[in-house]
Amino acid sequence: MGLKYKYKLVTNWSELHQLVAYCKQTGYASTDFETWGTNSMYLRSYPTILGVSFQPGGAWIIPLAHKESPFLKDDEWIKVLQYFGREVIEDLDIVKIGQNIKYEMNWWYKYGIIMQGRVFDTMLAKYLLDEERPHGLKEMVTRFIPEFDGYDLPGQPGQKATTEQLIAFWSNVPLDELALYCALDADLTFRLWVFFERRLIDNGFYTLFRNMMMMASRVLAEVEWRGVDMDRDYLNELVGVYKIKIDECEARIRTNPIIFKYERARLKDVKKQMINDVKAEILLLKQTEGSDRMIKSREEKVSRYIAGDYTTKKEWEMVAPTNFNSSKQMIDFLFESPEGLMFDVIKFTQDKNTKKETETPSTDEDVLNELQYKDDSGFIKDLLELRGLTKLNSTYVVGMWERLNSKNKIHASFLLHGTVTGRLSSRNPNLQNIPRDTTASDIKKMFITSPGKLLLQIDYSQAELRILAAAAKEPTMIQWFKEGKDIHLAVACKKFNTDYDKVKVILDNEDHSEYIEWKKRRKKAKTTNFGIVYEQSAKGLAEALTKEGIFTTVNEAEEFLNDWFDDFPKVRKYIDNQHRFVKKYGFVYNLFGRKRRLPNVDSNNWGKKAEAFRQSVNAPTQGGASDFTLFSSVLIREHIRRGILPSSLEQVGTVHDSLLYYINPQDIHQAIPKLYQICRNPETKLWFNFEIKGIEMKVEFEIGKNWGELHGYNPQENYLVWVA
DNA sequence: AAATAGCCGTA
DNA sequence: GTACGGCTATTTT
């Protein structure tokens, strides 16, 4: 980089006092940890240095557990860190600035420091101002402070580096090198704050930033720090069960005569090809003088191949048994090889950049389901089963097992900047895609509670449709929601011109002659309702319904959609309005003032353009619904802090429109009515200066000992006996 | 070693 | 037909 940049190294307590004094004087502290280990929850991880900037243009460095640190003896660095934490991080009058400050909060937790007072996260500021990735500090510096473009700590291991490589690297970075890098991080973060704060205010995002994003950041830091408890014994059991299931399934496939035949023919071909390749080489070598030795070695190779004697890794790979996890190999077996099944290709995969079909045949679940009818060997059925099992096993069984720490907990990260709509994302692991019990009834049961506690799940029902109805001011839909009707059923009743209460009676009686018919009709309506939110085409809706076991033609789906819009004309109008708006301005807002920029409305690529228009309707709907959930979690935390909700209530997760908590059983009956009030009608007027007219959100409560076995809240229940 | 492709789990 | 993240195989660097 060749930049002249100075930082000040703190080498004794008097300099530390000086630094604290400066922070108090300016009222600002932009901080950045460099650490050994990326996750503060790991017992063995620790911070190596802390960079602190109290004004733009420079930074001080506090060496902590770094091996050149002057505070190594008797772990004095912990006292140093805690002193700075108490004096600065816990000082209500000092503004804390950081890039991804939730991460810093979790490091402070580790040493008993609770970040307090005003907090400013440059990453989340940037996210509100521009929701498209990347949101990294490096990228922001490139964009906004180009004179520092490209600064970095050289020689960092890549993303796939092993633990050993990471240890080797981070244990050996010299203090001066690390300090320079860290100082730049802290200083440049400070400089970004300077104009981000201004821009947030100018663009009308300040309320959303302060009252939602920064508050949620604290909520999620606590969620991550707490982690979720896992049933290790049960998980161990599952590991065994899945291994057996997969082995059996694979054995069934391998002994299938059709595979046997294909495998033999394929290996013969491969071998022939390998030998031919070497023979061609020999022919080529024979034209050159003095290559006798090379020819000799290749002739030996040929005889080795003939004898089936392979030595190199590459050779073994070529003659390896068919890998049923490989879509490439499955394409060969299903569609291309004369020794295989020679099915007609059903569809091709889609290029996600151009949104166009590729030339690669698809072997996804839909395709296999269709092929299953033409396959009498049983292979497709087994392949579908194997796919399902290996997916569940690698991601959720072995995957979770590998993440268990010594306290039988898992600490995921919840990202506030993970999506373009305002939803959260979760990773390491993703706790938002754990299979439901209809997919795999055994997986969710591995998520349990701490001893003596119960799980409490708060669900928003039909959140997106309610938001859509409110945004569109659609009177019929609003009326139905107000009456507490099952919206999907109500839509079905309207469509089939039948009285709602009459159908309700039918659906309460499984033996009724029209029971199945109305079940189907409700499903049809539900799928259509979802389709509306995504702006699905008639073709897409027909496919979706057929997939759900309700065969529908495109014409019929089109009729269904037309009827839907006739019933809810204001929704059609709303969609048109969104399209007009985005065409005019290139962006849309949701109820909370969150912005979705969609420059692709002017794209020359038809597919991208159409997608942008769909997003102009979906983003505010999806984002609005998730903002309600997120805001509820903020309010719940505030009520706990004020003592209005019990302190035993601890959030452990969230999945888009539901919140997951632990709670002491004796607190449940006291907490539920308050939670109901908070979630059903959050104080949006007070905090965000808007109200949704006429619509109240609907929340449901479920309680259980594990995530896989939840039961609806019952005011009469004695939950104390559940933990006995 | 890193990036991409395909598939599939969730709301 | 919106919004994600993880795993595995394969291709690219």
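Quick note: numbers below take in every heavy atom, side chains included, and nothing from hydrogens, waters or symmetry partners. Each chain gets a letter, A, B and so on, in the order its sequence line appears, and its residues count up from 1. These figures come from a predicted structure and were not determined experimentally.
- A sub-4.0 Å separation between OP1 or OP2 of dG1(C) and a side-chain N or O of S537(A) is present.
- When the side-chain nitrogen and oxygen atoms of T439(A) are compared with OP1 and OP2 of dT10(B), one or more of them lie within a distance under 4.0 Å.
- The distance from atom CG of D364(A) to atom P of dT8(C) is 19 Å, rounded to the nearest whole Å.
- Residue T621(A) is classed as having no contact, given no heavy-atom separation below 4.0 Å to the nucleic acid.
- Distance from the side chain of S425(A) is smallest to dG5(C) among dG5(C), dT2(C), dA9(C).
- Comparing dA3(C), dG1(C), dA11(B) by their closest approach to the side chain of Q622(A) singles out dA3(C).
- The side chain of E365(A) lies closest to dC8(B) when the candidates are dC7(C), dT10(C), dC8(B).
- The side chain of R133(A) approaches dC4(C) more closely than any other nucleotide in the set dC4(C), dT10(B), dG6(C).
- No engagement by L424(A) is indicated, since no non-hydrogen atom pair under 4.0 Å with the nucleic acid exists.
- Residue-level contact check: A619(A) touches neither bases nor backbone, having no heavy atom under 4.0 Å from any strand.
- Aromatic rings of F628(A) and F592(A) (six-membered ring for Trp) have centroids within the 6.0 Å cut-off, being under it.
- For dG5(C), the base has no donor-acceptor partner in the side chain of N430(A) [N/O atoms by modelled type, under 3.5 angstrom].
- Of the candidates dG5(C), dT10(B), dG1(C), the closest approach to any side-chain atom of K391(A) belongs to dG5(C).
- Residue contacts for N323(A): at a heavy-atom cut-off of 4.0 Å it reaches the sugar-phosphate backbone alone, with no base atom in range.
- Look at T395(A) and you won't find any side-chain N or O under 4.0 angstrom from OP1 or OP2 of dG9(B).
- Relative to the side chain of S394(A), the nucleotides dC7(C), dC8(B), dG1(C) differ in distance, and dC7(C) lies closest.
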> What's the verdict on side-chain hydrogen bond (donor to acceptor under 3.5 Å, both in side chains) for E464(A) and H656(A), showing C-alpha distance, side-chain angles and the deciding distance?
Replying inline: CA-CA 11 Å; E464(A) 293 190 356; H656(A) 305 312; over 6 Å; no
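- Aromatic ring pairs are classed by plane angle as parallel below 30°, tilted from 30° to 60° and perpendicular above 60°; the pair Y585(A) and F581(A) is tilted.
- The aromatic ring centres of F560(A) and W564(A) sit 6.0 Å or more apart.
- Phosphate proximity of dT2(C) to R596(A): absent, as no side-chain N or O sits under 4.0 Å from OP1 or OP2.
- OP1 or OP2 of dG6(B) sits under 4.0 Å from a side-chain N or O of T360(A).
- Atom CD of Q536(A) is separated from atom P of dA3(C) by 14 Å (rounded to the nearest Å).
- Looking at heavy-atom distances under 4.0 Å, S658(A) makes no contact with the nucleic acid at all.
- Taking only side-chain nitrogens and oxygens, R423(A) never comes nearer than 4.0 Å to OP1 or OP2 of dA11(B).
- OP1 or OP2 of dT10(C) sits under 4.0 Å from a side-chain N or O of Q329(A).
- Contacts of E543(A) with the nucleic acid, taken as non-hydrogen atoms under 4.0 Å apart, are absent.
- Proximity note for R436(A) (side chain, C-beta onward) versus dG6(B), dA11(B), dG5(C): the nearest is dA11(B).
- At whole-Å resolution of the value, NZ in K352(A) and C1' in dG1(C) are 17 Å apart.
- N428(A) has a side-chain polar atom (N or O) that falls below the 4.0 Å cut-off from OP1 or OP2 of dG6(C).
- Distances from the side chain of E611(A) to the nucleotides dG6(B), dG5(C), dA3(C) place dA3(C) closest.
- Distances shown here put a side-chain N or O of S326(A) below 4.0 Å from the OP1 or OP2 atom of dT10(C).
- When each of N325(A), T363(A), D364(A) is checked for a side-chain hydrogen bond (donor to acceptor under 3.5 Å, both in side chains) with R387(A), only T363(A) meets the rule.
- Toward the 5′ end of DNA chain C lies the nearest nucleotide of H656(A), the other residue of the pair G399(A) and H656(A) mapping further downstream.
- Each of dA11(B), dA3(C), dG9(B) was ranked by its minimum atom distance to the side chain of P435(A); first place goes to dG9(B).
- Atom-to-atom, CZ of R594(A) to P of dT2(C) comes out at 20 Å; the value is rounded to the nearest Å.
- Within the nucleic acid shown, V420(A) comes within 4.0 Å of sugar-phosphate atoms alone, with no base atom in reach, counting heavy atoms only.
- Ring centroids of F343(A) and F335(A) are separated by 6.0 Å or more, keeping the two rings apart.
- Minimum atom distance to the side chain of R427(A) is reached by dG6(C), of the listed dG6(C), dG9(B), dC4(C).
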